[in-house]
Visitor: 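A single structure is presented below for examination.
All heavy atoms count here, side chains included; hydrogens, waters and symmetry mates do not.
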Amino acid sequence: MDSELLLSPALCLAEEEEADMSDWNLPLAFMKKRHSEKIEGSKALAQSWRMKDRMKTVSVALVLCLNVGVDPPDVVKTSPCARLECWIDPLSMSPQKALETIGANLQKQYENWQPRARYKQSLDPTVDEVKKLCTSLRRNAKEERVLFHYNGHGVPRPTVNGEIWVFNKNYTQYIPLSVYDLQTWMGSPSIFVYDCSNAGIIVKSFKQFALQREQELEVAAINPNHPLAQMPLPPSMKNCIQLAACEASELLPMNPDLPADLFTSCLTTPIKIALHSLEVGESSPRESFSCCTLAVILWKYFWKCMTLPCNTTSILVQVDRGCLRVLRGSVTSSSASSTLGSPDNDEYILSFETIDKMRRVSSYSSLNSLIGVSFNSVYTQIWRVLLHLAADPFPEVSDLAMKVLNSIAYKATMNARPQRILDSGSLTQSAPASPTSKGAHIHQAGGSPPMPSASSSSLTNEVPKPPTRGGEQPPTRPPYTPTLGGQAPHSHQFPRTRKMFDKGPSGSEQAGDDADDPGGHKAYMNANLSTGLCDWSAKYFAQPVMKIPEEHDVESQVRKEREWRFLRNARVRKQSHRITQRGVTRLDDQIFINRNPGVPSVVKFHPFNPCIAVADKDSICFWDWEKAERLDYFYNGNPRYTRITAMEYLNGHDYSLLLTATDDGALRIWKNFADQRNPEMVTAWQGLSDMLPTTRGLARRVSIYLDRSKGQGGAGMVVDWEQETGLLMTSGDVRVIRIWDTEREMKVQDIPTGADSCVTSLSCDSQRSLIAAGLGDGSVRLYDRRMGANECRVMTYREHSSWVVKAHLQKQTDGKIISVSVDGDVRFFELRSPDSVNVLQTVKGLTALDIHPQANLFACGSMNQFIAVYNSNGDVISNIKYYDGFMGQRIGAISCLAFHPYWPHLAVGSNDYYMSIYSAEKRLR
């Protein structure tokens, strides 16, 4: 939708609005690369220079053309200028001694990384000396690699003809040395390091000469009279690596605070140069680019890990003195991802990728939080973790957990099978298995792992899975039916003792039994729990680190789109504020009406786009209320007997995400909605764990009004979002208010409500760190989240006698708490006063209510099929009972309503499926 609005002439922006750009300072939630990209490795082919057989660099030629004390004629140096060569100041000693000391230091720096190589120095050499050095090293190296290091700080820059410079014998002239000749002398395989200005010219010339050699060889191969046909074939230049200090048009850095051979320092002394760089970065950030060498070190250690087999990095969970510890180690077992160990050593091995993915996506399923309770055995603890993961709201996590659960159940079933006993005499008999014995179901297990049972069944169909959209049934695996029926063969019997997860009978003994198994269950034994997380992480080490991120590039399309959105936001705030300041005297002009696919239960305006989200029981519909068009409709993924009870826009000022909360405590975050693309789930997790079961399967809000008036029923899950801090407040049919930090993706605080009833409404203020909560018992409670759990409840108001429909904490410094109950009484509370400062009476039988955050308005929806809009004085400014344009058709019982965050718009949903939007009179708009 944003791409269309970019071209809209109606939203052109005035220059005076550029001053209000506060959106730039707001953090973004769930916008890291792990949220926006698919978790998979790079599909690019392996680099051709990474040879299968390891090749050693056995010889190193160090060629230094410094001519200490004499600057080259084509380079104008700054004053002061970078001088250090191999961390030596060449002007601190005589020129010849400086040259020898620098050469010795360079060799030491290389020896730190490759101590066994053969090193030869050539200091201020001639062409013949370079030729002699290179041919000698190549002859001794044979087929191994040779490194050629060239420092050209004391000679002119490389030429476009492919020449570098050395000296004549008397040091009176600069002599060109062709890269073509250098290729011939060095041969292949080789590494070339060019530390000089315009080094990119050498790289380009090298490639051109290599191509020229290939073409000459092709001509010689088809023409026997060619001069090259009678000569031995020269080596191919394909196995050569080139490292250049700068591009063809660039000069070397001359910052006096950095060494002159900065490129060489990055290659040979990365830690030391990285700490230089940090000091320079304090005063000159542009020069601190060489910090990318703390990346070189990370790459070195990372590559060590990457060279290990992919199945050796694991999470080892073991018991030590009765405590459960999570350790990271190397496990050499080839079946680490599916091995469950044995009771002898009390250890369990999970794939590192799997656990990391599960912890990233589902904070509630973190091993650190779920295994905090002491149980009898490690198996029980692991089983409880897997049960939670199997019901995780994120499909990939639940699917992975189900594979593990099915694998365990299948192994338990297979190990419980009787063994075939071959007796030379008579066959022993065993009692037939009971035909009515039932398998171990997940939801009946009560936290215990499946024990060996002759009739253990697959666990796939025992965990409730969300139905697919459009009425389609999700594909299910066929349930496992053991081969032991009501009459067991008399040639089978159980052994006296067996381990739970041993290998069971040999393949020859049970080949006949395995032939009867469904094919799908054989896969459980070798469940592949790969997530691609390691490959996805590894691919970032192959990407350029010096490139400016697109979101920080002022000329990029992404940056310009963000600027447009922030200017648009400023315009909306300014124009809506101008309207609300005039005062709204009526709010009954119907500007939108349409029939929703489901009965609306929650409605949410986008703060800046003409888009509104309407949730029914398990789906979300998006409407463009300006064009009266339906933009999207998709299934939320919550299981049967659960319903959506709250929605919030995250990052509404920029790239918007939609958060949905359901009454089973699950939170889901969606992207790519309302823009003609398929909505994608960014992440999902269990926001609240111990939701009370009274809310499951409840009807719509209208039908539970009678229970609410008695303080009964359930609120489902309620949330409030702070964009400024990235904190998400959650509560509902629980006894705590749980706070989630979306930046760290973890729970940061549990605030006890101190009540025996559910939380029906939440409202927070980031400036004062306060949270106001309305409860089902009629109380309104104020919490200071900066205080401890036992002291954080700072005020309790008990003036309502029934269910609090809405509690709103005004964001101003002296803002009040406004609360409304189902009985229609509206109360205003000062934060430091125990009693209300004002009371207004509206209609009874409220089913929905909202308070405008900017204007002094609040609206009430009733089960008696009307809407009343009041100002802060309690005066009714509008009564809405009939639809416009429907020949006086009466509106249905109100199921939900919500104000726009800025405009004087009111969205109303009713149980007859209709969705309407009412606004102030046209003269104000």
Side-chain angles (χ1 to χ4, degrees), residues 580 646 648 708 711 715 718-725 727-732 735-739 749 751-755 757-787 791-842 846 848-861 869-875 897-899 901:
T580 55
E648 287 286 347
R708 286 185 172 183
V718 294
V719 300
D720 198 24
W721 166 246
E722 280 187 357
Q723 186 71 51
E724 301 86 355
T725 60
L727 297 180
L728 178 68
M729 322 297 166
T730 61
S731 192
R735 301 299 178 256
V736 296
I737 299 172
R738 180 162 294 171
I739 304 178
Q749 193 174 3
I751 299 177
T753 61
S757 61
C758 59
V759 176
T760 63
S761 177
L762 283 177
S763 181
C764 56
D765 182 358
S766 61
Q767 298 297 325
R768 295 178 287 179
S769 298
L770 298 177
I771 301 176
L775 283 83
D777 61 0
S779 64
V780 177
R781 305 184 181 218
L782 184 66
Y783 305 89
D784 188 336
R785 59 179 185 249
R786 296 168 295 187
M787 304 175 69
E791 299 87 18
C792 59
R793 179 158 55 98
V794 295
M795 191 67 72
T796 302
Y797 308 99
R798 301 184 183 275
E799 298 189 13
H800 294 293
S801 60
S802 58
W803 181 287
V804 176
V805 181
K806 181 79 173 183
H808 174 71
L809 177 58
Q810 294 177 326
K811 299 298 189 295
Q812 298 89 340
T813 304
D814 56 348
K816 303 180 179 64
I817 296 178
I818 306 174
S819 61
V820 188
S821 74
V822 294
D823 290 337
D825 54 325
V826 182
R827 298 183 181 269
F828 297 79
F829 298 97
E830 293 280 0
L831 301 190
R832 290 180 172 83
S833 174
D835 302 318
S836 60
V837 296
N838 191 15
V839 180
L840 304 176
Q841 185 61 47
T842 64
L846 295 185
L849 182 138
D850 197 24
I851 301 169
H852 199 288
Q854 308 295 331
N856 294 321
L857 300 174
F858 63 93
C860 305
V869 183
Y870 299 82
N871 60 21
S872 58
N873 298 324
D875 302 326
L897 55 80
F899 276 109

Visitor: Might you point out which heavy atoms bring Pro901 and Pro853 nearest each other, and give the distance in Å?
Guide: O-CG, 3.4 Å

Visitor: Ignoring hydrogens and angles, tell me if any N or O in the side chain of Tyr783 forms a donor-acceptor pair with the backbone of Thr753 under 3.5 Å.
Guide: yes

Visitor: Identify, with sequence neighbours excluded, every residue that meets side chain to side chain contact (heavy atoms under 4.5 Å, CB included) alongside Val718.
Guide: Ser731, Val759, Leu762

Visitor: The test is side-chain contact (heavy atoms from CB on, under 4.5 Å); show your working for Val780 and Leu775 and say whether it passes.
Guide: CA-CA 6 Å; Val780 177; Leu775 283 83; over 6 Å; no

Visitor: State, to 0.1 Å, how close Ser821 and Leu846 come at their nearest heavy-atom pair, and which atoms those are.
Guide: O-CD1, 3.4 Å

Visitor: Closest heavy-atom contact between Asn838 and Ser872?
Guide: ND2-O, 4.4 Å

Visitor: Counting N and O atoms only, with roles assigned by atom type, does the side chain of Thr842 sit under 3.5 Å from a partner on the main chain of Gly824, one being a donor and the other an acceptor?
Guide: yes

Visitor: Start with the C-alpha gap between Asp784 and Leu770, add the side-chain angles, then the distance that decides, and say whether side-chain contact (heavy atoms from CB on, under 4.5 Å) holds.
Guide: CA-CA 5 Å; Asp784 188 336; Leu770 298 177; 4.0 Å; yes

Visitor: If you round to the nearest 0.5 Å, how far is CD of Gln749 from CE of Met787?
Guide: 11.0 Å

Visitor: Does any donor atom in the side chain of His800 or Asp823 lie under 3.5 Å from an acceptor atom in the other side chain?
Guide: no

Visitor: With distance as the sole criterion, is a donor-acceptor pair present between the side chains of Ser779 and Asp777 under 3.5 Å?
Guide: yes

Visitor: Mind listing the side-chain donor-acceptor pairs of residues 805-815 below 3.5 Å, one per line with the distance, residues two or more places apart or on another chain?
Guide:
residue: Lys806; atom: NZ; partner: Asp850; partner atom: OD1; Å: 3.3
residue: Gln810; atom: OE1; partner: Lys816; partner atom: N; Å: 2.9
residue: Lys811; atom: NZ; partner: Cys764; partner atom: O; Å: 3.2

Visitor: For residues 814-842, which residue pairs pass the ring pair (Phe, Tyr, Trp, His ring centres under 6.0 Å) check, not counting sequence neighbours?
Guide: Tyr797-Phe829

Visitor: Ignoring hydrogens and angles, tell me if any N or O in the side chain of Arg781 forms a donor-acceptor pair with the backbone of Gly754 under 3.5 Å.
Guide: yes

Visitor: So, taking the atom named OG1 in Thr730 and the one named CG in Asp720, what distance separates them when rounded to the nearest 0.5 Å?
Guide: 11.0 Å

Visitor: Asp825 vs Val820, test: side-chain contact (heavy atoms from CB on, under 4.5 Å). Steps then yes/no.
Guide: CA-CA 6 Å; Asp825 54 325; Val820 188; 5.8 Å; no

Visitor: Just verifying a value: how many Å separate Met795 CE and Leu782 CG, rounded to the nearest 0.5 Å?
Guide: 7.0 Å

Visitor: How close do Ala715 and Trp803 get, counting heavy atoms only, and between which atoms?
Guide: N-CH2, 3.8 Å

Visitor: Walk me through whether Ile771 and Met729 qualify under side-chain contact (heavy atoms from CB on, under 4.5 Å).
Guide: CA-CA 9 Å; Ile771 301 176; Met729 322 297 166; 4.0 Å; yes

Visitor: Would you call Leu728 and Val719 a side-chain contact if the rule is heavy atoms closer than 4.5 Å?
Guide: yes

Visitor: Any side-chain hydrogen bond (donor to acceptor under 3.5 Å, both in side chains) involving residues 760-771? Give me the pairs, sequence neighbours left out, ordered by first then second residue.
Guide: Asp765-Arg768

Visitor: Could you report the tightest heavy-atom contact between Ser802 and Val822, atom names first, then the distance?
Guide: OG-CG2, 3.4 Å

Visitor: Taking salt bridge (Lys or Arg N to Asp or Glu O under 4.0 Å) as the cut-off, I'd like each qualifying pair that reaches into residues 793-802, sequence neighbours left out, listed once.
Guide: Glu799-Arg827

Visitor: Using the test side chain to side chain contact (heavy atoms under 4.5 Å, CB included), find all partners of Gln723 that sit at least two apart in sequence or belong to another chain.
Guide: Leu26, Asn651, His653, Trp721

Visitor: Tell me, do Phe899 and Leu857 make a side-chain contact under 4.5 Å, heavy atoms counted?
Guide: yes

Visitor: What's the shortest heavy-atom distance between Ile851 and Ile818, and which atoms?
Guide: CD1-CG2, 3.6 Å

